[in-house]
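Quick caveat: nothing in here was measured; it's all calculated off a predicted structure. Residue numbering restarts at 1 for every chain, and letters A, B, ... go by the order of the sequence lines.
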2 protein chains.
Amino acid sequence: MIDTDELLSIRAAELYYEENKTQDEIGAVLRLTRWKVGRLLAQAKASGFIRIEIVHPRARRLIVERRLREHTGLSDAVVVSAAGVSTDEELQSRAAQAAADYLTALRPVPATLGISWGRTLHEVAQGLKPGWARGVNVVQINGGVSLNRRTGTAAATAVTIAQKGMGSATLLPSPAILERVETKLAIESDRAVATVLDLGSAASAYLFSAGQADENSALVDSGYLTVAQVAELVRKGAVGDIVGRYINADGHIVDLELDERTIGIRLEQLRRAPTAIAVIAGSTKHAVARAIVSSGLCTVLVTDEDTALAVLGEAP
Amino acid sequence: MIDTDELLSIRAAELYYEENKTQDEIGAVLRLTRWKVGRLLAQAKASGFIRIEIVHPRARRLIVERRLREHTGLSDAVVVSAAGVSTDEELQSRAAQAAADYLTALRPVPATLGISWGRTLHEVAQGLKPGWARGVNVVQINGGVSLNRRTGTAAATAVTIAQKGMGSATLLPSPAILERVETKLAIESDRAVATVLDLGSAASAYLFSAGQADENSALVDSGYLTVAQVAELVRKGAVGDIVGRYINADGHIVDLELDERTIGIRLEQLRRAPTAIAVIAGSTKHAVARAIVSSGLCTVLVTDEDTALAVLGEAP
DNA sequence: GGAAAACTTGCTCACATGAGCAGAGCTGCA
DNA sequence: TGCAGCTCTGCTCATGTGAGCAAGTTTTCC
């Protein structure tokens, strides 16, 4: 059965929030003193009967952000609202835009920014405003797409970010994954590649996304891995990839042999970075996001509400 | 593209509603005067970015109620919130409870209350508190269920309402629909029945629900009509039934011959009543609700949010 | 049955907030 | 260029609201 005070607090809330009456007026209607009305409203809020939602594509969930900062090793977090959003694409767009905003507001402005590539990063680049920085060196930190029709997307992302930031882009002239370790070592020691990798290792900040471990992975799409290979990785515990490297729920490399053939920054370098911004959103990426945050692979997480709750280990 | 002020108003709203900061503090963070912050918040509200919802089974939507009173001929309306409700059953329960509350608060307390029967009315009876009135004569205004296992439900409803209101129930000892007009006329002229019908015609207030016109109708369930008969009524434009009589979207009787065989109060009497409370909720009853309200068959409507919007002719 | 504890009530006071207003700045038109 | 009309800004002032407090009331437990 429902308590009389509870019912009164609901009546009061209706008059207060829907009819914009003052607590005094409500008191007159319900035959209560205005203090009692104030207490009833406080009670209604405390009981969670009053839900205030900010519905806007750019709305953030500051409460969840704080919880992330407090309960994880993250130094900062940006959580976009999932209110009224049905698709993962929309969530990823919102997060990408939020990442662009975050990057713009980031102080000190990074002199060198190491970035990965992919759909999300591309959207971040699109979301940046021309002039977001005054001179920034953008460096690719992992091997690019070059095996399929989407050739050039990775390069375009880096160039766009650099141009809008009135700076220059340094591209990593290499595939993401090589077939033989020997080839990988050879490419890595080539001066053109080595220079870029060194530059990437010394970046003042990193910005990257992550991929889920399934047939829709960008690495499968780009032709670096087959669906069967990914299935095998999943069997070994892979939850997703970060800068081209597949990790398990603990944030460890799943397949050392494959990793040896992968070109790009090493995870330890990422873990040591003072500023590593991960942009990860959408229901398919809950597991990777959690792995990345809990194993300290990023210092800043830009994500959506539901993914954030998954990272915190709470039901959505 | 999104306006700078719009974005600022969203940031301000986040800090105000989620972080409980004062407008002054927000001004300090966003480098604005507190007045500007106040204006931004007002703007965010006006643009509909701030959505305040009261989530509680007993919550009402006063704004919609007012719109109903203003845009229809209703003298009063009670609209329950549909927040977090998935089933029609739940909506009907909420509306029934609200109707019980409305009846309890109704002044002057009706000396004679004419009621119909059905699932909804039964729930209203359950929702009433013992002592809701001090002496009320409850009269059935349409023929009861008596053809199937649920015999007695209609009587139980009337008796419960009367007992809880410390009064007496007057039952209508007759079926809802007769097979032949002659039988109907004969029953109607029987003193026992005629007295009750006269009493019902002179009731100080009416409380009734309505049924949708489909195979789930209570009249089909009770065996008065076959599925085929209802289908035929629908073909003729029926949207539902009220006190056993099928009406079309204009509130007119659909089948005069059938109506002649139906025992109970006439629609004109209902239209003339100073207080006629209709309790109609659930997505299947939008059409009937609209027909009843627009043709003046009730003075008070107790319903759910979505049905209310349908009555107002707006999208849900 | 009575004292202690817990809660509730009505209040004062300080702070937060919205309405209203005057002046600054901008726009448009001759 | 100059003036009228418009919006925007920062302010004063009145009102609305929450924190804290003391007295009253109920509950609890011996």
Stepwise side-chain hydrogen bond (donor to acceptor under 3.5 Å, both in side chains) test for B:Asp88 and B:Gln92: CA-CA 6 Å; B:Asp88 270 13; B:Gln92 282 164 2; 5.1 Å; no
Pairs in or reaching into residues 91-112 of chain B: which pass ring pair (Phe, Tyr, Trp, His ring centres under 6.0 Å), with residues at least two apart or in two chains? none
A:Thr22 backbone acceptor or donor facing A:Glu25 side chain under 3.5 Å: yes
Just by modelled atom types, is the A:Leu121 backbone N or O under 3.5 Å from a matching donor or acceptor in the A:Ser209 side chain? no
B:Glu19 and A:Arg66: salt bridge (charged side-chain N to carboxylate O under 4.0 Å, His left out), yes or no, with the steps? CA-CA 10 Å; B:Glu19 298 279 73; A:Arg66 187 169 47 209; 3.1 Å; yes
Under the 3.5 angstrom rule, does the side chain of A:Thr299 hit a backbone N or O of A:Ala276 as a donor-acceptor pair? yes
Whole angstrom value for the distance that separates P of D:dT7 from CG of B:Asp5: 15 Å
Taking five pairs at each terminus, the helix from C:dG1-D:dC30 to C:dA30-D:dT1 shows an axis bend, to 10°, of 30°
Quick check on contacts: within residues 16-43 of chain B, what sits under 4.0 Å from DNA chain C by heavy-atom distance? B:Tyr16, B:Thr22, B:Gln23, B:Arg34
Salt-bridge test for B:Asp304 and B:Arg60: reply yes if a basic N is under 4.0 Å from a carboxylate O, no otherwise. no
So that I can tick it off, tell me whether A:Arg61 and A:Glu65 are bridged by a salt bridge, with the cut-off set at under 4.0 angstrom between side-chain N and carboxylate O. no
